[in-house]
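Just below is one structure, and these are the notes that go with it.
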There are 2 protein chains.
Amino acid sequence: MTNPDSRPLTLRDVSEASGVSEMTVSRVLRNRGDVSAATREKVLEAAKSLGYVPNKIAGALASQRVNLVAVIIPSLRNMVFPEVMSGISAVLEETDLQPVVGVTDYLPEKEERVLYEMLSWRPSGVIIAGLEHSDASRAMLKASGIPVVEIMDTDGTPVDCAVGISHRRAGRKMARAILKQGYQRIGFMGTKMPLDHRARKRFEGFTEALAKEGVEVVDQEFYSGGSALAKGREMTQAMLDRDPELDFLYYSNDMIAAGGLLHLLDAGVDVPGQVGLAGFNGVELLQGLPRQLATMDACRDEIGRTAAKIIADRTQDPNAEFERVVELAPKLSFGDTLKRR
Amino acid sequence: MTNPDSRPLTLRDVSEASGVSEMTVSRVLRNRGDVSAATREKVLEAAKSLGYVPNKIAGALASQRVNLVAVIIPSLRNMVFPEVMSGISAVLEETDLQPVVGVTDYLPEKEERVLYEMLSWRPSGVIIAGLEHSDASRAMLKASGIPVVEIMDTDGTPVDCAVGISHRRAGRKMARAILKQGYQRIGFMGTKMPLDHRARKRFEGFTEALAKEGVEVVDQEFYSGGSALAKGREMTQAMLDRDPELDFLYYSNDMIAAGGLLHLLDAGVDVPGQVGLAGFNGVELLQGLPRQLATMDACRDEIGRTAAKIIADRTQDPNAEFERVVELAPKLSFGDTLKRR
DNA sequence: CTGAAAGCGCTAACAA
DNA sequence: TTGTTAGCGCTTTCAG
């Protein structure tokens, strides 16, 4: 704030400094329409030497166009979302659209506030995590008249369109893989997050597929707060203390699974011979653990890219075709912790 | 996009629906000025039933006020920045200001673009990581006429004001602690990031303090890309192969330090007896490792809070007093990997 | 190729 | 307590 009182520069300032009409200055600055090289030169020089920064607020109001895409996610702490963001940014950087992030902390009311706030800037599109929203949020999305892509999840009905994976199917797939390896006494650990619908759906799919084979989860535990690695350790120890016969542990995310793995190795348990282990997400962060964790890739980057692509296409051409639901297939990697024989 | 062609609602629509003037509708919706309970009621009902979402673009243009704070950081992947964001959000949530994030990927040119883009929305303040910016960026910040807080680092001269820690001092402090424990043959591993000025300054402070005691870093290695944990493992193994006499390893961040730790334990090395270890950042993520890493807390949350506080105060009162440089003191934790005797 | 006029949707300032 | 008027800084549109 070296320049606290001087009025911000306007087009008019550039116009006066260059002796060119505001309109033509505006054209030059936006590379719109034909402007003679000489005039363009004059304008550019004046703008640069003054240090003019255009006022997008006025521009957006006049043109009724805002090159912003609202991206609404539950958290930045969970590495999943920064990775989705990367995919989105990578695609939007090829266009003139810009992502703007809003964080909901997994709270529907906060989601509603954030959404309202973002929509009031009249963005060109919305990318929002999950298919579960308050009625008011759904109403706002519907009324907005802009492309809306719900991401991460495809188990449900999108307001407009969706890109993600089926977490229910992912849970089932993992359950089948575990049973196939001959594991039988299975424990589950996850976050205590009634509002993390995707974790819930995975768990539901998981138990459902087990049930189909007559197997039930022997024990389960949910945590909240604290360091995931440490919690994974603690819960794993506690669960094995309660039931030393457990032969498989399924975790709702890779971090707590890693904690569990470290505990088991410390305790001298044979992994995966005596006890198998699997997490979820395929976070790159964790490559380099003593054992490579069995996990399932959530297609984060591709989800981001696909969602951004849909927004970009539909922004460019409102009649562009698009799929209502894009279901990606998560890849199961067995790592070193899911193979009995 | 269920509602693709219908014109977005305006104040006028609410005005007509409620039979109240636009101005009064505006007052109600902003809780400004005195409005009779009856009128307020009518307006609120009309607005809600129509599903009206105000147009902040028009509002901002008319009022010359934008309740946005631009937050410009190098990356969302490095957990440091989401944590700073939390601090910022926590404070701004008490005000009517909203953070908007821009990511630079550690590239000065991208920083310049992002800054330009954000300033063109005329935010109420800027929080930007680091003290090193291109001339153009510094010029824009100076000319903006709004409060600018440069965060994370205090080794240098801020454009307006700064909140952070001295990374040089942090490096020195760690060096002294290591020497004091009697370690002598010290190796260093870090990211290959010429543009990560803070890591560079830590390293400079580190070598400087060692030099003062006549000690030199015996070996050093820099990496880029890949999983930090895995890289930490590999580099550590390679370095110890090159020089088995090393007795201390200093890493530029906790993730690679954790990889190093896992390798050493696998290799049966006595930590910290035979080889000591230290990282940087104090990421909570890593609590739960077999040994608690020695590290230094970068005061991320407090940096975010303090920076946001400064912006909030100065936005409310342009003449508010504030410190030009707030240097926080990083706390050194010895954990289990930095104590010889 | 360049310019003039008329708003975009809202709010500051004033009047009633 | 409520309403009226005049812009905010730009872009659209239409005329030169």
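Naming: A, B, ... by sequence-line order, numbering from 1 per chain.
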Return a table of donor-acceptor pairs under 3.5 angstrom between the side chains of residues 77-87 of chain A and protein atoms on other chains or two or more places apart.
from: A:Arg77; atom 1: NH1; to: B:Ser86; atom 2: OG; distance (Å): 2.5
from: A:Asn78; atom 1: OD1; to: A:Val80; atom 2: N; distance (Å): 3.1
from: A:Glu83; atom 1: OE1; to: A:Arg300; atom 2: NE; distance (Å): 2.4
from: A:Glu83; atom 1: OE1; to: A:Arg300; atom 2: NH2; distance (Å): 2.7
from: A:Ser86; atom 1: OG; to: A:Pro82; atom 2: O; distance (Å): 3.2
from: A:Ser86; atom 1: OG; to: B:Arg77; atom 2: NH1; distance (Å): 2.5

Any A:Thr39 side-chain nitrogen or oxygen under 4.0 Å from OP1 or OP2 of C:dT2: yes
Spacing between B:Leu29 atom CG and C:dC10 atom P, to the nearest angstrom: 9 Å
Side-chain N or O of B:Gln64 closer than 4.0 Å to phosphate OP1/OP2 of D:dG7: no
Terminal axis angle for the helix from C:dC1-D:dG16 to C:dA16-D:dT1, five pairs an end, nearest 10 degrees: 30°
Annotated protein contacts, base or backbone, on nucleotides 10-16 of chain D with a non-hydrogen cut-off under 4.0 Å, one of B, S, - each: BBBB---
Shortest side-chain distance from B:Leu61, nucleotide among C:dG3, D:dT2, D:dC8: D:dC8
salt_bridge(B:Arg40, B:Asp34) N-O dist < 4.0 Å: no
Carboxylate-amine/guanidinium proximity below 4.0 Å for A:Arg138 and A:Asp160: no
N/O (side chain, B:Ser36) to phosphate O (OP1/OP2, D:dT2) under 4.0 Å: yes
Sidechain N-carboxylate O distance under 4.0 Å for B:Arg12, B:Glu16: yes
Residues B:Glu94, B:Lys309: salt bridge by 4.0 Å N-O rule: no
A:Thr24 side chain near C:dG3 phosphate (N/O to OP1/OP2, under 4.0 Å): yes
Residues B:Glu93, A:Lys110: salt bridge by 4.0 Å N-O rule: yes
Non-hydrogen side-chain atoms of B:His133 and B:Met140 separated by less than 4.5 Å: no
Heavy-atom closest pair, residues A:Ser15 and A:Glu22: OG-N, 3.5 Å
